[in-house]
Undergrad: 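After the structure tokens below, expect a handful of questions from me.
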Amino acid sequence: MSKLRVAVIGARGRMGSEAVRAVEAAEDLELVAALGRDDPLETLTERGAQVAVELTHPDSVVANVGFCVRNGVHAVVGTTGWTEERLGALREELAAVPGTGVLIAPNFGIGAVLTMHFARQAARFFESAEVVELHHPGKADAPSGTATRTAQVIAEARRAAGLPPQPDATTSALEGARGADVEGVPVHAVRLRGLVAHQEVLFGDEGEILTIRHDSMNRGSFMPGVLLGVRRVVGTPGLTVGLEHFLDLDG
Ligand SMILES: NC(=O)c1ccc[n+]([C@@H]2O[C@H](COP(=O)([O-])OP(=O)(O)OC[C@H]3O[C@@H](n4cnc5c(N)ncnc54)[C@H](O)[C@@H]3O)[C@@H](O)[C@H]2O)c1
Ligand SMILES: O=C(O)C1=N[C@H](C(=O)O)CCC1
């Protein structure tokens with residue numbers, strides 16, 4: 001059986017270099033290109049890449065994924081910065097190239113995906129919910145894409161259950177003290193040397209607290225998810241947001 005031809009964009013970064021190693025080590029995949037910031041995207045088509053793994057920067061990702069889509073290269077995207085507006089534009093681009101698939105995964109860590117899944121299940125049972133994400137100080141965006149998505153998932157579940165806004169008596173606060181407001185769910189971001197990627201989801205009600213915590217101790221933790229995305233995206237045309245769609249979580 002022929003190997004799937006894979007490229008990595010952002011190949012010299014923290015995640016990209018790990019993805020290069022993971023693709024090279026996979027027997028069913030062939031690394032055909034490893035692109036850095038100054039390398040031309042045309043290399044993807046010249047080398048016949050079937051799937052591109054995109055791990056760059058929120059300012060670069062839209063143009064890179066757009067190039068892939070226009071050229072029929074499937075994309076597995078870990079880079080953050082996907083607003084509703086950006087997702088809408090990407091859906092339109094994909095409609096013009098049926099057969100091409102893009103996976104946008106806010107987090108490739110299986111435990112992080114499960115955290116979001118469990119948070120959705122728990123949300124309707126608690127009056128209060130807050131998210132704390134903790135990352136290395138080299139991270140460009142805050143709050144993390146994972147924390148933003150987690151808060152959105154909780155907010156969706158609260159709305160579906162008809163829950164009112166969360167109780168909060170704050171009338172005076174320093175700017176930022178109550179975190180970022182993501183659809184009514186406070187999200188707090190910590191940046192600390194020594195951390196990789198961590199998140200706590202706190203649920204509270206009268207007399208009880210539920211804490212769901214996930215820790216990525218190294219970037220190798222993201223690689224099984226990256227490889228799963230690469231193998232599945234080629235058979236999944238259109239836009240898929242979230243690795244959970246490839247995990248059969250309700251099965
Ligand atoms: N989805 C996940 O599981 C996951 C996990 C970790 C990080 N991330 C995200 O992945 C992205 C990268 O994270 P990182 O820690 O590897 O960052 P990093 O800064 O270590 O690496 C990014 C690399 O991309 C390169 N780059 C920037 N623009 C480029 C372009 N136009 N073309 C090619 N290369 C370009 C940079 O030069 C750098 O080498 C961030 O958005 C981060 O939040 C996602
Ligand atoms: O290290 C990062 O940067 C990470 N980014 C993603 C996010 O913003 O959620 C995933 C976790 C690591």
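Just so you know, these numbers use all the heavy atoms, side chains as well, and skip hydrogens, waters and symmetry mates. Keep in mind the model is a prediction, meaning the values are calculated, not measured. Numbering of ligands and ligand atoms starts at 1, following listing order.
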Undergrad: Indicate yes or no: does E18 engage R21 in a salt bridge with an N to O separation below 4.0 Å.
TA: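 Here E18 pairs with R21 in a salt bridge, since their nearest N and O are under 4.0 Å apart.
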
Undergrad: With a cut-off of 4.0 Å, which atoms of ligand 2 are near a heavy atom of D141?
TA: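 It comes down to these atoms of ligand 2: 8 (O).
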
Undergrad: Going by the atom numbers of ligand 1, which of them fall below 4.0 Å from some non-hydrogen atom of R12?
TA: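 That gives atoms 39 (O) of ligand 1.
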
Undergrad: Relative to the heavy atoms of P106, which atoms of ligand 1 are at a distance of less than 4.0 Å?
TA: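 Counting atoms of ligand 1 from 1, those under 4.0 Å from P106 are 1 (N), 2 (C).
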
Undergrad: Hey, does T80 come in under 3.5 Å of ligand 1, counting only N/O atoms on both sides?
TA: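 Such a contact does occur with ligand 1.
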
Undergrad: Do Q199 and T150 meet the criterion of a side-chain donor-acceptor pair at a distance under 3.5 Å?
TA: yes

Undergrad: Show which atoms of ligand 1 fall inside a sub-4.0 Å distance from at least one heavy-atom site of K139.
TA: 43 (O)

Undergrad: Quick one: which ligand 2 atoms are inside 4.0 Å of a heavy atom on S144?
TA: 7 (C), 8 (O), 9 (O)

Undergrad: Counting only nitrogen or oxygen atoms and a 3.5 angstrom limit, does T80 reach ligand 2?
TA: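 Not met; the criterion fails.
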
Undergrad: Where does T146 meet ligand 1, judged by heavy-atom distances below 4.0 Å: at the side chain, the backbone, both, or neither?
TA: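 The answer is neither; T146 stays 4.0 Å or more away.
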
Undergrad: For ligand 2, which atoms have a heavy atom of N107 less than 4.0 angstrom away?
TA: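 Once the distances to N107 are compared, the set is 10 (C), 11 (C).
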
Undergrad: Going through the checks in order, is the side-chain contact (heavy atoms from CB on, under 4.5 Å) test met by I9 and V53?
TA: CA-CA 6 Å; I9 312 176; V53 179; over 6 Å; no

Undergrad: Mark up the atoms of ligand 2 that fall under 4.0 Å of a heavy atom belonging to T146, in ascending order.
TA: 7 (C), 9 (O), 10 (C)

Undergrad: Numbering the atoms of ligand 1 from 1, which are under 4.0 Å from a heavy atom of G13?
TA: 20 (O), 21 (O), 23 (C), 39 (O)

Undergrad: Quick one, R149 with E156, criterion salt bridge (charged side-chain N to carboxylate O under 4.0 Å, His left out). Give me CA distance, side-chain angles, the key distance, then yes/no.
TA: CA-CA 10 Å; R149 183 67 196 134; E156 278 166 25; 3.6 Å; yes

Undergrad: Is it the side chain, the backbone, both or neither of H136 that has a heavy atom closer than 4.0 Å to ligand 2?
TA: side chain

Undergrad: Under a 4.0 angstrom heavy-atom cut-off, which atoms of ligand 1 come close to G36?
TA: 32 (N), 33 (C), 34 (N)

Undergrad: Looking at R120 and E244, is there a salt bridge between them, counting it only when a charged N and a carboxylate O are closer than 4.0 Å?
TA: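 Answer for the salt bridge query: no.
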
Undergrad: Consider every N or O of K139 and every N or O of ligand 2, then say whether any pair is closer than 3.5 Å.
TA: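 K139 vs ligand 2: N/O contact under 3.5 Å present.
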
Undergrad: Evaluate I9 for polar contact with ligand 1, using N/O atom pairs at a separation under 3.5 Å.
TA: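 Among all N and O atoms of I9, none is under 3.5 Å from an N or O of ligand 1.
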
Undergrad: According to a hydrophobic-cluster definition based on side-chain heavy atoms being under 4.5 Å apart (Ile, Leu, Val, Met, Phe, Trp, Tyr only), do I110 and V241 belong together?
TA: no

Undergrad: Atoms of ligand 1 less than 4.0 Å from N107 heavy atoms?
TA: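 Close to N107: 1 (N), 2 (C), 3 (O).
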
Undergrad: Would you say G78 and ligand 1 have an N/O pair spaced under 3.5 Å apart?
TA: yes

Undergrad: Please tell me whether F108 and F222 form a close aromatic pair, meaning their ring centres lie under 6.0 Å apart.
TA: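 Ring centroids of F108 and F222 are no less than 6.0 Å from each other.
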
Undergrad: Should the proximity of F108 to ligand 1, defined as any heavy atom under 4.0 Å, be assigned to the side chain, the backbone, both, or neither?
TA: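 Near ligand 1, F108 shows its backbone as well as its side chain.
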
Undergrad: Using a strict cut-off of less than 4.0 Å between a Lys/Arg side-chain nitrogen and an Asp/Glu carboxylate oxygen, indicate whether E27 and K3 qualify as a salt bridge.
TA: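 Salt bridge flag = no for K3 with E27.
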
Undergrad: Flag yes if more than 12 heavy atoms outside R178 fall under 6.0 Å of its CZ atom; otherwise flag no.
TA: yes

Undergrad: List the steps and the verdict of side-chain contact (heavy atoms from CB on, under 4.5 Å) for F126 and L163.
TA: CA-CA 9 Å; F126 292 89; L163 292 189; over 6 Å; no

Undergrad: Purely on distance, is any nitrogen or oxygen of G145 under 3.5 Å from one on ligand 2?
TA: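 By distance alone, the answer is yes.
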
Undergrad: Would you mind checking which non-hydrogen protein atom is closest to atom 6 (C) of ligand 1, with the distance to 0.1 Å?
TA: M15 CG, 3.3 Å

Undergrad: Under a 4.0 Å N-O cut-off, is there an ion pair linking R191 with E133?
TA: yes

Undergrad: Which atoms of ligand 1 have any heavy atom of G10 under 4.0 Å away?
TA: 24 (O), 33 (C), 34 (N)

Undergrad: Below 3.5 angstrom, do we get any N/O pair linking F222 and ligand 1?
TA: no

Undergrad: We want to know whether T45 and N71 form a side-chain donor-acceptor pair, criterion being a heavy-atom distance below 3.5 angstrom.
TA: no

Undergrad: Can we say D39 and R12 salt-bridge, meaning some charged N sits less than 4.0 Å from an Asp/Glu carboxylate O?
TA: yes

Undergrad: Could you tell me, atom by atom, which parts of ligand 1 come under 4.0 Å of a heavy atom of N64?
TA: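 Close to N64: 30 (C), 31 (N), 32 (N).
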
Undergrad: Judged on heavy-atom distance to atom 10 (C) of ligand 2, which of S221, P106, A197, G78 sits nearest?
TA: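 Result: the heavy atom closest to atom 10 (C) of ligand 2 is in P106.
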
Undergrad: Atom 19 (O) of ligand 1: which protein heavy atom is closest, and how many Å away?
TA: R14 NH2, 3.6 Å

Undergrad: Step by step, would you call Q152 with T148 a side-chain contact (heavy atoms from CB on, under 4.5 Å)?
TA: CA-CA 6 Å; Q152 288 168 342; T148 303; 3.9 Å; yes

Undergrad: At a non-hydrogen distance cut-off of under 4.0 Å, which region of R14 contacts ligand 2 (side chain, backbone, both, or neither)?
TA: neither

